[in-house]
Amino acid sequence: MRRNLIAAAIAVTGVLALAGCGTGGTTATSTSTGGAVSTKVPDTPMTLTVDYASDPPITPLVDGFKKLHPNIKFKLVQTPFADYQTSLKLSLSSDNPPDIVQYSPGPMRAIVPAGLVQPLDGYAKAYGWKERVSPSLLGMLTSNKSATEYGSGTLYAMPGAVQMVGVFYNKKLTSAAGITTVPETVNELGRDLAKVKRSGVTPMTLPALGVGGFQLWSALANVYGNVNTFNKWVEGVPGTSLTSDSGFSKAAKQVQDWAKDGYFSSDASALADADAIAAFSTGKAAYYVTGNWNTEAFSKALGDDVGFFLMPGTSASQAAVATGSGFPYSISAKSKHKAAAAAFLDYMSSKASAQAIFDSGFVPVIPDSSVTDEGISGTIQNDYTKVVKGKGIAPFANWATSSMIDTLTAGVQGLLSGSTTPDAYVAALQSDWEKSQQ
Amino acid sequence: MRGGMKALLYVLPAGIVYVCFTLWPAFNTLYYAFLRWDGISAGVWTGLTNFEGVFTDPQLLGSIIHSLVLVVFFAVIPIGVGLLLTGLLMGRGTRGMTAFRVIYFLPQVVPLVAVGITWRWIYADQGPVNQFLRAVGLGSVAQPWLAQSSTALVAIGLVGTWCMTGLCMMLFVSGAQKIDDSLYEAASIDGAGALRRFQSVTLPGLRGEISVAAVITTIAALASFDLVYVTTNGGPNNSTTVPGLLVYRLAFSYNSIGPAAALAIILTILILIFVTVIRRTTQERS
């Protein structure tokens, strides 16, 4: 009896041990090609699991879709952004992956080559997505099979809402400094920053510990440099170089000059994004170059005092441009409900969801002025339309390589302290880029 | 033999947990260090390339040097100050001993992430440190401590000192209380003053505690991650990167599991060397 017990105990623990000791194994899934597909939404009851980091825009989208298709339920799994980057790989390679995930370029560099993401070309053709959506939003969502080069190849995600970087400003503080009009050139913006400084307020909050530092550089790089070169560079097109165009270095010099002029607080390199949001929301800084994902928070804190304009060009006649992207979502290659998931992706980028997107503070993928063009959200939507008609949306610089976010952050910190020259800054970005091309 | 089997059975559950969650991951890490692997697709054996990278990449090497600087602030200074405080507290009948202990030990109770964020605010341009300096007329000394390469590492180090001093003091005070009072009496009769008593009775009696404190604090310095991650994230301009931070970035952001594992292995070896040296030098000569 006792001997049996012992034997059983050993057996049980042995099994546990085997189960616990999973090898750091590898996965490979066969990917079905995006061949002929139907756009019929299944009418059987089902539950779609969605993994995501950013909310909104996903919840208003899900609510709107459920109203149209009551048979489809959703299971929403939210993970904070920093952890999402790491958990996405694990959840998509698991045996029971979510059906829809928020697309994040960093981890996707490993996930797409492993064949874990559903190619969407078949659906795109059936639904007519490419005719509907601005091509500048699809660039970073389209890549070759090894996910080394973007902008051409297979479509892996669809945008659900538009995020765009521009200049937010506090009307109360700027008018107190004697500023009456929105600047039409970068030089005018510089002059306005000087006026605010004379009024005794920090002109611009710059969270160079977070993403805010290099987003200022990117915004300036889009107007100083060649947008085409920049796009190709982020997309990883072989042979592209930022050093070929002096505009990128000029943008870096502009950041450095503004730092020298004292337009940022001296502790900018130790300011996190949250610190800057707090500083701007409480009226401690007049300008903040950031994305429309903060619109809701700013409107709540400052009401009608918050304004928005696109980073002005070097001349007033320069075509509009802005850093941004769609909020993209992908379908898991192992999903059992691909047709329903594709129908959801279609809904996200259709006119039907515009109101829901708008209410959550974002710009719909297809701008709809009939929904609203009032207030700051209206301003941002109109500016987005200008950008699409102008030079288009430029991708986030940190998407260029998986380590670029740290190279950019460190580089801008070097610019602020003066230890890095503008040329050395651009050279460091280029060297990071070339390392990842090998 | 039957008894041996039975004994083994008792050890088995704990043994399996240890093998699965400590030994197995450790050996897996060693294996990964020889691969080029993105974490999902099949890895490629690359031999010692990843280890070469640790010693040739100035960033990775720099991070190891930064962590050695942190040893001074996390280990050397806290042990020195901890001993000083112990000497003062062990003087005859200090009142409010418990209060002192609670105050100095408090930093140990607060999670390091919260400590880091709080100190980021304390060191800010308009933070308490600079406000104090300006208030006492030292405005010219006021500076953004964490935002400039010249001061950031030292500023982080001092946060470590603040955290670790309490731990060291606690260890030393509890150790000193075990020292036989008659030794102090005998020393007094021989005419030893307070300083001499500390040097000849307290210090030798604390040999074991000093060794433990040195090991704990040195490991905390070399393997530091959370404090750096929330205060400067390695910045400004990579002046405060530490190996733990780079292991995290390589493995989880850059999809470079191999170099991350190699750096982790080198860090482990470095820690083992330090611990061995500390244990050897503080061992009682028998």
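Here is the naming used below: chain letters follow the sequence lines, and residue numbers restart at 1 for every chain. Atoms considered below: every heavy atom in the structure, side chains included; atoms not considered: hydrogens, waters and symmetry mates. As the structure is a computational prediction, the values presented were derived from the model and not from experiment.
- With a threshold of 4.5 angstrom between heavy atoms, B/T231 approaches chain A through N, CA, C or O but not through any side-chain atom.
- Among the residues in residues 274-282 of chain A, those with a non-hydrogen atom closer than 4.5 angstrom to a non-hydrogen atom of chain B are A/D275.
- Residue-environment remark: OH (B/Y104) stays at or below the threshold of 12 foreign heavy atoms within 6.0 Å.
- By the 4.5 Å heavy-atom criterion applied to side chains, B/L146 and A/D267 are not counted as neighbours.
- Interface remark: B/W121 contributes side-chain atoms only to the contact with chain A (heavy atom separation under 4.5 Å).
- By the neighbour-count criterion of 12 heavy atoms within 6.0 Å, atom CH2 of B/W45 is densely surrounded, having more than that number from other residues, nucleotides or ligands.
- Proximity to chain B at a heavy-atom threshold of 4.5 Å picks out A/Q413, A/G414, A/S419, A/T420 from residues 413-423 of chain A, in numerical order.
- Across all non-hydrogen atoms, the minimal contact from B/A147 to A/S266 is CB-O, 3.9 Å.
- Rounding to the nearest 0.5 angstrom, the gap separating the CG atom in B/D38 from the NZ atom in A/K89 is 6.5 Å.
- Ranked by non-hydrogen atom pairs under 4.5 Å with chain B, the options A/D406, A/T409, A/T407 are led by A/D406.
- Closest non-hydrogen pair, B/P236 versus A/S269, comes out as CB-CB, 4.0 Å.
- Of all residues in residues 397-404 of chain A, those placing a non-hydrogen atom less than 4.5 angstrom from a non-hydrogen atom of chain B are A/S402, A/S403.
- Only the backbone of B/A251 comes within less than 4.5 Å of a heavy atom of chain A; no side-chain atom from C-beta onward does.
- In this view, A/L173 and A/N170, A/V201, A/A286 satisfy the side chain to side chain contact (heavy atoms under 4.5 Å, CB included) rule, not counting sequence neighbours.
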